[in-house]
Amino acid sequence: MSSDNNIAKRDFVIELMKSTGTDDLNYIYRGEFTQNLQQHILSLAEKNIDRDRISGKIKKRIFHIMVESIQNISRHGDAKENSEEMTSSFFSIQKQNKWYYITTGNIIENNKIDDLRSKLDKINSLDSEELDIFYRAVLGNGQLSNKGGAGLGLIEMVRKSGNKLSYHIEKVNDEISYFYLHSDINGITLGEAPVQPLGSVYTVDYMVNLHRFILDNSILLIYSAVFDQDSLLSLISIMKSRMSGGLNSKKKIISIMVEMLQNIIHHGNVTVSGISGCQGIFYISLNSGKYCLTTINYVKTTDKEQLSYKIDHINSLTDEEREDYYNERLFDFDSDESFKEGGLGLIEIRNKSKNPLEYQFFDTEEGYSLFKITTYINI
Amino acid sequence: MIETLNIKGTEDSPEVVMDFQKGFIRISGTSWLEDAYGFYEPLYQWVSEYSKTPQKVTEIEFGYTYFNTSSAKQIAKLVTLISSLKQSSEVHVKWFYEKDDSEMLKSGQKYSELLNLGFEFVETEFEAEPEDEDEGVYKIIKK
């Protein structure tokens, strides 16, 4: 892997935000994959794709491949229960220009690599007709491994995507390696002007780098997409199942998440490059008992000053002053705008997190700036 | 006569019961509404209407698991209306909160103190509805 492609060296997320269009998606989840979590993880991706203007048939194929991929992690992942390795597995989906990229990463034991490689190379060498024959043969001879499946899932992924699987195996130590599996799916229906995936950044190499980046930064989840209440609820469900800890700290993090995500929904609706939507990024990391939540969204450059002033003001107040400031605004029903919009979100985030709010602006074109805000929560 | 309000709870909106006959109001569950004003506005209207000819005693129960700041503001408005109801009816307010949820207890205390309402605070178990487990639809378990 070339190191000049090292994502961690740049402000990766800002780059990501600038380079993605409104219809794009970049979603990666790292951690455990219990039955419950699998459902929530898939549900967020499904809700996003469901809105896309592609044929229902292709949507079904994408969902099918997502399910196969996520099951591969739990079926073939060799990490020991409750080990650190267990939380290094990931599921991710990206989309750009109506192409969809689904990637998973999990631990495998080194002694299984040869077998896996030959299985994948065999599947990748077959054309679609040969693949059907092979599929029936494998189905017929019932050589099911003890974890279920003799590569049927892999064959299915190729049959549904119509494209070969990319993979990469990276040694971790003498016993285990990371196994990356990557599918490309073309969302364009026959007859539509084809868009070549050529030049897409979302290759298996990109994902290996992204995986390294999220491990280095202890990131649990990145969601870069258009935000709405539905995606908010899915993200909350994922984090509710993912987090451990007491009721109070869980509730605190969930409440802060709601405020941060609703800030994107309320204030992030902009028209950039002719397309409107609440485009943003949310990511969350957990490092030595400290959760770190970040959102990035567009704001009008002309609103920058006022927003900075507001956050600086909140940060400058003592706990007591902030409490008074909050209560004063809580019972301010006079101004219609303040009443309907609230405007309490940032104060609440500061109150609950018990740490100063960190923020930054990045200028972009067209009179918009990217607004990045980060909250730290000690648990 | 004012009609009884009965709104089912969802993943992000609370369950509401407003019963004129019984002089009973209950709001419970999660309030993560995007448009909190739109949801609470009919509730203000109901309470204003009720205040004109209220029952002798009015029992009010709040049982939130979560609410966002947009809802906090609307709850403030609702509680303000309830405090003026005191002039014409004997008002009892119970504030249920999930066991160990000190933040929710604090929120209730704030409303109670700021409006001098004397809430009764009740620590209780909240039960997720079986099919909605993990989805944040909770019901107060009544003893």
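Per chain, numbering begins at 1; letters A, B, ... match sequence-line order. A quick note: this is a predicted structure, and the numbers were derived from the prediction, not measured.
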### Query
Among A:L232, A:V258, A:I347, A:I265, which residue forms the greatest number of heavy-atom pairs with chain B at distances under 4.5 Å?
A:V258
## Note on the structure
Of the listed B:D100, B:D101, B:L115, the one with the largest count of heavy-atom pairs under 4.5 Å with chain A is B:D101
### Message
Counting only non-hydrogen atoms closer than 4.5 Å, does B:I75 touch chain A with its backbone (N, CA, C, O), its side chain (CB onward), both, or neither?
### Response
neither
### Task
For the residue pair A:Y291 and A:S249, confirm or rule out a side-chain donor-acceptor distance under 3.5 Å.
no
### Query
Strictly under 6.0 Å, is that where the ring centroids of A:Y27 and A:Y223 end up?
yes
### Query
Is the A:F371-A:H267 ring centre distance short of 6.0 angstrom?
no
### Message
At a 4.5 Å cut-off on heavy atoms, which part of B:T80 comes close to chain A: side chain, backbone, both, or neither?
### Response
side chain
### Partners meeting side-chain hydrogen bond (donor to acceptor under 3.5 Å, both in side chains) with B:E49 (sequence neighbours left out)
B:K52
### Task
Measure distances from B:K99 to the heavy atoms of chain A and classify the residue's part below 4.5 Å as side chain, backbone, both or neither.
backbone
### Query
What residue in A:K352, A:E348, A:Q229 has the most heavy-atom pairs under 4.5 Å with chain B?
A:Q229
### Under 4.5 Å from any heavy atom of chain B - which part of A:L247
side chain
### Message
Could you check whether A:K372 makes a cation-pi contact with A:F361, meaning its NZ or CZ is under 6.0 Å from the centre of the six-membered ring and within 45° of the ring axis?
### Response
no
### Query
Do the two ring centres, one from B:Y66 and one from B:W32, sit under 6.0 Å apart?
yes
